[in-house]
Every structure is written in structure tokens, then in C-alpha cells.
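The next block holds one structure in the form of C-alpha cells; read it before the comments.
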Amino acid sequence: MPKYDYDLFVIGAGSGGVRAARIAASYGAKVAVAEEYRVGGTCVIRGCVPKKLLVYASHFAEEFEEAAGFGWTVGETSFDWKTLVANKDKEIDRLNGIYIRNLQNAGVEIIESRATLADAHTVLLAGTGKKVTAERILIAVGATPFLPDLPGIEHAITSNEAFHLEELPRRVVVVGGGYIAVEFTGIFNGLGAATTQLYRGPLFMRGFDDDLRALLAEEMTKKGVDLRMNADIAAIEKKGGELCLTLANGDVVKTDIVMYATGRVPNTKGLGLESVGVKLGKSGEIVVDGYSQSSVPGIYAVGDVTDRANLTPVAIREGHAFADTVYGGRDVKVDHSIIPTAVFSQPELGTVGLTEADARARDPEIDIYKTAFRAMKSTLSGSQERSFMKLVVDAKTDKVLGVHLMGPASGELIQAIGIAVTMGATKAQFDATIAVHPTAAEELVTLRDKWQPPAQQAAD
Ligand code: FAD
């Protein structure tokens, strides 16, 4: 008789949990995964995928306008939110089905239930009240939107609800300054809603390169977003059919929808972790070592619940590494030091490696190469949108420490550049690469002049 019901019990069938479950099962482990909402998790069901589909939708109005410069006459256009949402939901259902089949084909048992810990080897299934045991438990429960405590907050929505609005609102206020906030601002603005974004600090997109932050703010404003920094909501009131937002400075903003994208918190509440002795960090995240092992032997955690780098490919990598190490007999640690990432704002951002500020803080001897320009397409389309590219280079070793992009396809570009930066490419190696012409990306291998602060330029 086996000592436990399962070798591995995974709580949460999102990016990290699904990958870990499948790979562990492929090594011969008996695996079950519990999911309280929908298999696929945040990314597939209400994150990356539906978000990107809405981003695509929101680009068309601008593209129709730009077509005129190339000789096209686009007839009268109209947009139907319900069609977009229905088509998006169909695609999410399809992906949900694929995730379920992949788990089943790998021999993983799917349990549709909320699961919590009863002890270090026992899981309580809320659906049936049944308890099951496992030699190891992997917590992959992700994170959930954070809402501040203020009067009227019950009238606010988060990204979860934004995907299922009945109608496209006429006016939207997005609160927050991270990537989810700028992406949704771009979506609503592009689809034609009068869109305001409020951020409580002096400049949004904290953690990104300062040039990107400032330029993105300028470009979003040019596209018609009412972007307000140092602005925060003190209270929300529903009056008639509209919401009245009273800001901390006394200003009142009227809107149809207010969407909070003010961060996400690990889903650890009520999981029973404390009673089992699993150490949590100050945001409630599970503290793990390089192998995703928690403070309790046999309990592991991957993905957003560990609050390391909250991105799908990272959760997947962590889940895979866990399964390889524990069930595959390979010693695999995830390197979190270089993570290429995209922001599907309008314009789009792509970034990898150190920001200029972080690089300078480590060692002031760095060289900066940067350029801002209007893409070739703009010459005929009339678009005033600027693109921007920046390289942060170690002056001593010539190694490219960071690349920061704004402009069309920056997300696609940064994936390829991420390979070079991960390999430790030098600026000389970038320069030795033959340019692809005519592209915007050729700027990356033709930047010859070191950027100098304006005062120094004048003195030279
Ligand atoms: P999740 O994918 O969140 O999965 C956790 C699962 O656990 C969920 O399905 C949940 O229902 C389930 N669960 C929770 N508690 C329990 C319980 N007690 N019992 C059973 N089941 C439970 N990342 C990118 O890389 N690129 C993007 O473009 C991107 N866009 C995003 C856009 C939005 C709007 C959001 C919200 C996130 C986005 N992300 C993006 C982040 C990405 O979705 C997450 O980093 C990723 O999903 C984390 O995977 P995970 O496995 O840790 O958790």
C-alpha cells in the first residue's frame, strides 16, 4: 500500500501548476491538480491571452486612419464590443480545453475544487469535504488583484471584470501605474472610450527605465489619454447612472467605469499555510529557496504566489525546474537575473536587463546609446508616434547590460535581443552584426555615438 494517495498534489492549475504537474507525471509520478476556477489560470483565462486579444482590437481605429496616407479609402467603420467579447471567450474556451486535455493525456487527475492544507501532507478539498494525502504538495495558486480600502470601492472593477463588461463604457478611469494599468488604458482609449489614467506617484511604470517611463507618458497623452500623475482617489460615489470620483486634491472626475490595477497580492489567504508552518513574506508571498522549496519540507511553491517575477514564462520555468529537480533527477535552478519582458501599451515596450539607473547604482562607469525617431511607416501614415531605443553598456567590459525599446513590435524584438543579452553580448558584437534594412531594429546595431548629458554636449 502506498503511504500517500499521490506523489504530488498541485494546488492551482495555472501557468506554473499545469507545467509542474505535466512534467512530474511524465517522469512517472502520480499527480493530481486542484483548480477552483478554470484550468489554464490567470494568463489563459483572464490575463495575458485575453488582454492581448483586446490590445489587437484596440489598434484598428488608428490603423484605419493611417491607411489613408497609403492611398486606401476605408469606408465607414463601427465597433461592436459584444462581438469582440464573444469571440475572445470562444478562444479562451478552446485554450481551456487544450490545457485540460494536455493534463489528462499526461495522466494528471484534475479535481475541480478549492483546496487548502490540512497538514504538511494532507489537502482538504472544499468541493467534497474529502481529504487526500500526498508525499509532496506544490502551491501554485497565483495572485489576485489588490483593491485599497476606501469609501465606495465596491463600485470599482479590476482586470477580472474588465474582460466581461456588458458594454464598452463611454468613459473609463484606470487607476494604477503598472503594466496592467497602461495596457488597459491603451485598450479602452483605442476602442474609443474617453480614458483617464490616475497614478498616485510622480511618474508611472516604476522599475522600468526612466526614459521609457517619460516617453510612454508623452506618447499616451498624444493619443488622447487624460494621464494624471500625483493623482489618487479618496472616495467613489455612485450618483444616478454614473460614478463620481473625488480625488485626494478635491478634484471630481465623473466616469462610467473605474478599474483598479493597483497591484496583485499572493493568493495565500485561508490556505492553511501558517498552521502548517510555511513561512510567508510581508505581502503574504510564500518564501522559497532557489529550488522553490518552502520552509516546510515537502511543500513547494512556484509562480506569482512566491512573488519573484510575476510573469507567465517565469511561472512555467519555475514549475518545470521543480519537476525536473524533484522527479527527473536533474538539478535545475531558475535564473531570475535576466528576464526579457514586453508591455503591450500603446506604443509597446520591450525591455531586458538593467535600467540605466540600476546600472549606474551598481557602477557609475556605464555608456548609454539612445535614439528617438519616427518609424518609416509614419512618413506616409502621418502618425506622430515616436519610437525609442536605448542600450546600457558596461564601459569597462563593453557588455550590454540592458536594452529598452518603445515602438511597434518591441515585444517581438526584445525576445530576440534577450538571447544576445543573456549570452553576455558586448556592444562591439552588436555593432559587428550586419543591419537589416529598412527596419527600425537596425538602429540597435548602428548606434555609434555615446549619449552625453546635455550640459556636457554643450561644453564639448
Ligand atoms: P495563475 O496562473 O494565477 O494560476 C493560479 C490558479 O490557482 C488559478 O487558476 C486559480 O483559480 C487557482 N487557485 C487559487 N487558489 C486556489 C485554491 N485554493 N484551490 C484551487 N485552485 C486555486 N504575464 C506575462 O508574462 N505576460 C503578460 O502579458 C501578462 N499579462 C497579464 C495581464 C493581466 C490582466 C494579468 C492579471 C496578469 C498578466 N500576466 C502576464 C501575469 C500572468 O498571468 C501570471 O504571472 C501567471 O498567470 C502566474 O502563473 P501562476 O501559475 O503563478 O498562477
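Whatever order the structure lists ligands and atoms in, that order sets their numbers, starting from 1.
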Non-hydrogen atom of Thr116 closer than 4.0 Å to ligand 1 | no
Please write down residue, atom name and distance for the protein heavy atom closest to atom 46 (C) of ligand 1.
-> Thr312 OG1, 3.4 Å
Answer with yes or no after comparing the ring centroid distance for Phe184 and Phe163 against a 6.0 Å cut-off, counting only values under it.
-> yes
Nearest option to atom 10 (C) of ligand 1, as decided by whichever heavy atom of Lys51, Arg114, Glu35 sits closest | Glu35
In this structure, are over 12 heavy atoms from other groups packed under 6.0 Å from Arg374 atom CZ?
-> yes
Between Leu271 and ligand 1, find which residue part has any heavy-atom pair under 4.0 Å and reply side chain, backbone, both or neither.
-> side chain
Throw together a table of side-chain donor-acceptor distances under 3.5 angstrom for residues 102-112, partners on residues two or more places apart or in other chains.
{"from": "Asn105", "atom 1": "ND2", "to": "Arg101", "atom 2": "O", "distance (Å)": "3.4"}
{"from": "Glu109", "atom 1": "OE1", "to": "Tyr6", "atom 2": "OH", "distance (Å)": "2.7"}
{"from": "Glu109", "atom 1": "OE2", "to": "Tyr6", "atom 2": "OH", "distance (Å)": "3.3"}

Of all the non-hydrogen atoms in the protein, which one sits nearest to atom 35 (C) of ligand 1, and at what distance?
-> Ile180 CD1, 3.6 Å
Any ion pair linking Lys90 and Asp93 (charged N to carboxylate O, less than 4.0 Å)?
-> no
Quick one: does Arg46 get an N or O within less than 3.5 Å of an N or O on ligand 1?
-> no
So, do Glu91 and Pro50 sit near enough that their side-chain heavy atoms are less than 4.5 Å apart?
-> no
Using a 4.0 Å heavy-atom cut-off, say whether Asp304 meets ligand 1 through its side chain, its backbone, both or neither.
-> both
In the protein, which heavy atom is nearest to atom 29 (C) of ligand 1, and how far is it?
-> Cys48 SG, 3.3 Å
Would you mind finding which of Cys43, Ala261, Gly17 brings a heavy atom closest to atom 43 (O) of ligand 1?
-> Cys43
Side-chain touch Met205/Val343, heavy atoms, less than 4.5 angstrom | yes
Short version for Ser113: what comes under 4.0 Å of ligand 1, heavy atoms counted, is backbone
the protein heavy atom lying closest to atom 21 (N) of ligand 1 turns out to be Glu36 N, 3.1 Å
Which segment of Arg264 sits under 4.0 Å of ligand 1 when only heavy atoms are counted = side chain
Judged by heavy atoms only, the candidate from Phe163, Phe344, Phe184, Tyr179 nearest atom 41 (C) of ligand 1 is Tyr179
Check: of Gly47, Gly14, Ala140, min heavy-atom distance to atom 33 (C) of ligand 1 comes from Gly47
Test item: side-chain donor near acceptor, Arg308 and Ser292, under 3.5 Å = yes
Using a strict 4.0 Å threshold on nitrogen-to-oxygen distance, state whether Lys82 and Glu167 make a salt bridge.
-> yes
Do any nitrogen or oxygen atoms of Asn267 come within less than 3.5 Å of a nitrogen or oxygen of ligand 1?
-> no
Exercise: do Glu318 and His336 side chains pair donor with acceptor under 3.5 Å = yes
Does NZ or CZ of Arg136 come closer than 6.0 Å to the centre of the six-membered ring of Tyr327, within 45° of the ring's axis?
-> yes
